[in-house]
Student: 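Let me begin by handing over the structure; questions about it come next.
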Amino acid sequence: MLNMLTTRPRGTNDILPDEVLRWQYIEDVFRQLCQDYGFTEIRTPVFEHTELFIRSVGEVTDIVTKEMYTFTDRGERSLTLRPEGTAAVARAYLESGLKSGPQPAKLYYLGPMFRYDRPQAGRYRQFHQGGVEIFGTNNPEADIEVIALAVDFYRRLGLQNFELHLNSIGCKVCRPVLKEKLSFFFKTRQKELCLNCQERLAYNPLRILDCKEPQDQEIARGAPDSLSCLCPSCVAHFDAVLGYLKALKIPYLIDKQLVRGLDYYTRTTFEIMVADIGAQSSIGGGGRYDDLVAALGGPPTPGIGFAVGLERVLLTMNKQNTPFPTPKNLDVFIVEADEEASGAALELLFFVRAQGLSADKDFLGRSLKAQMKYAAKKRARFVVILGKEELSRQIVSLKDLSSGEQREVSPAKIKEEIRRRYRQDIVT
Ligand code: AMP
């Protein structure tokens, strides 16, 4: 029997202290990268009006029909935990002054997303994304900005063997042609499609292209492709994107089936895939959404964005044995040699911290030996030993845990001594 008090909800994860260091590292790399590319951070609520996702992600997408965490609040409003980041950022862009600020607006975010998915390795009900959005330009150079940032992120982390898959799904002008061709094609095979896709055929045949049923995928392989339906201006846009990718030597593969699971995309769509992590091989994806802001009631505002799945990036790094930086040491651990030193040890702890060193001490009244062991577990670089003997002589013993070397210093000189002898190790 599941004990609800001691078991986390299915599809969620606790990120424990050792692992958190890895999370902080990849989040730091993402933040730095976004800043290097001229993006600024935006933080939107974790829940939004349900209607926002229906309008933007699309009424007949898997996300909206099957995967949303929707609830009615005490004021009878229908709210939904965000399943993705773009819709909320577009809403905030419109609602705040950002749309009248400098254009294009280049925004990034990091945070948890929620989808009622079938949990498995790399697929969770609460997962984390880092994402970027550019509003206010239809220049293909903006597509490159976002795609290159995505590729740069995986490169900076040291990921191997990832592939950039790319497609264009057209615009308001040429998408109806594609839809019609797909409808015509799938109608001839209607009875062989899964029940979901038989329904999708009536609303949005594009969705059949990303159905996960093997039989439907097999049928979809023979379907008309979007590239053959593009209007001249979408062709020119796509050609420009490909041209820039070549100029920047960013390798890519054209994937004519790549439509992505959200309805707001137009023109460029892309996904980054890696083979090492099994079935959930997409480690990030994005695309253009030139009609999204207008669909939310704003002025026509083209845009493009990308989101990376942080759990999958970590999975890939672990599978590929990608190195992580070694976590920073604790500078000093204060060891209380006997009871007589207890008050003074606490004071010394705060004195050392006030000098800008990271420091900790024991709080369980451990023996001297046990304190030394605990200090090593806490990855302290130095221990400072203080007992009645040291107190009476107004000194402390400073021990370097990596060399075992120990010397007596006056408490006021701890930081100076550490800096003088180990300057390279201590950042102050
Ligand atoms: P999407 O918002 O569907 O375009 O997804 C962007 C990225 O988020 C994907 O490439 C995955 O890396 C990640 N992702 C999407 N859904 C999940 C999930 N349920 N669990 C973990 N990661 C996910």
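Counting starts at 1 for both ligands and their atoms, following the listed order. Bear in mind the structure is a predicted one, so any value in this text is a computation, not a measurement.
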Student: If I apply the N/O under 3.5 Å rule, does Tyr265 come out as touching ligand 1?
Tutor: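 No: no nitrogen or oxygen of Tyr265 is under 3.5 Å from one in ligand 1.
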Student: Tell me the contacting part of Arg115 for ligand 1: side chain, backbone, both, or neither, using a 4.0 Å heavy-atom threshold, strictly below.
Tutor: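 Contact part for Arg115 vs ligand 1: side chain (C-beta onward).
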Student: If the contact criterion is a heavy-atom separation under 4.0 Å, does Arg312 count as touching ligand 1?
Tutor: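 For ligand 1, residue contact (heavy atoms, under 4.0 Å) with Arg312 is present.
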Student: Is the Phe333 to Tyr374 ring centre distance short of 6.0 Å?
Tutor: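 Under 6.0 Å, so yes.
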Student: Give the atom numbers and elements of ligand 1 that come within less than 4.0 Å of a heavy atom of Arg260.
Tutor: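 In order of number, 1 (P), 4 (O).
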Student: For atom 8 (O) of ligand 1, what's the nearest protein heavy-atom neighbour? Residue, atom name and distance, please.
Tutor: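 Result for atom 8 (O) of ligand 1: Gln129 NE2, 2.9 Å.
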Student: Starting from atom 13 (C) of ligand 1, which protein heavy atom do you reach first, and at what distance in Å?
Tutor: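 Sorting protein heavy atoms by distance from atom 13 (C) of ligand 1 puts Gly309 CA, 3.6 Å first.
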Student: What do we get for Ile283 next to ligand 1 when only non-hydrogen atoms under 4.0 Å count, side chain, backbone, both or neither?
Tutor: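 It is the backbone that touches ligand 1; the side chain stays farther off.
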Student: With rounding to the nearest 0.5 angstrom, report the CD1 to CE distance, Ile283 to Met317.
Tutor: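 Spacing of CD1 (Ile283) from CE (Met317) equals 10.5 Å.
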Student: Any salt bridge linking Asp362 with Lys373? Criterion: basic side-chain nitrogen under 4.0 Å from a carboxylate oxygen.
Tutor: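 The answer is no: the pair does not qualify as a salt bridge.
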Student: May I ask you to check whether Thr61 and Arg260 show a side-chain donor-acceptor distance below 3.5 Å?
Tutor: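 Per modelled atom types, Thr61 and Arg260 side chains form no pair under 3.5 Å.
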Student: Got the closest protein heavy atom to atom 20 (N) of ligand 1, with its distance?
Tutor: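 Nearest protein contact, heavy atoms only, for atom 20 (N) of ligand 1 is Tyr124 N, 3.0 Å.
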Student: May I ask you to identify the nearest protein heavy atom to atom 18 (C) of ligand 1, giving residue, atom name and distance to one decimal place in Å?
Tutor: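 Result for atom 18 (C) of ligand 1: Phe127 CD2, 3.5 Å.
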Student: Salt-bridged, Glu19 to Arg22, with N to O below 4.0 Å?
Tutor: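 No salt bridge links Glu19 with Arg22.
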Student: Numbering the atoms of ligand 1 from 1, which are under 4.0 Å from a heavy atom of Ser282?
Tutor: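 Every atom of ligand 1 under 4.0 Å from some heavy atom of Ser282: 9 (C), 10 (O), 11 (C), 12 (O).
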Student: Mind checking whether Ile63 has an N or O less than 3.5 Å away from an N or O of ligand 1?
Tutor: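 No, Ile63 has no N/O under 3.5 Å of an N/O on ligand 1.
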Student: State, without any angle test, whether Asp152 and Tyr37 hold a side-chain donor-acceptor pair at a distance under 3.5 Å.
Tutor: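 Result is yes, a qualifying pair exists.
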Student: Would you check whether Glu271 reaches within less than 4.0 Å of ligand 1, judged by its heavy atoms?
Tutor: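 No heavy atom of Glu271 comes that close to ligand 1.
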Student: Tell me whether Asp263 is salt-bridged to Arg207, with the criterion being a basic N under 4.0 Å from an acidic carboxylate O.
Tutor: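 Yes, Asp263 and Arg207 are salt-bridged.
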Student: Could you tell me the residue and atom name of the protein heavy atom closest to atom 21 (C) of ligand 1, and the distance to it rounded to 0.1 Å?
Tutor: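 Answer for atom 21 (C) of ligand 1: Gly122 O, 3.2 Å.
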Student: Does Asp117 pair with Arg125 as a salt bridge, N-O distance under 4.0 Å?
Tutor: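 A salt bridge is absent here (no side-chain N lies under 4.0 Å from a carboxylate O).
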Student: Under 3.5 Å, is there a donor-acceptor pair between the Asp36 and Gln32 side chains?
Tutor: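 Short answer, yes.
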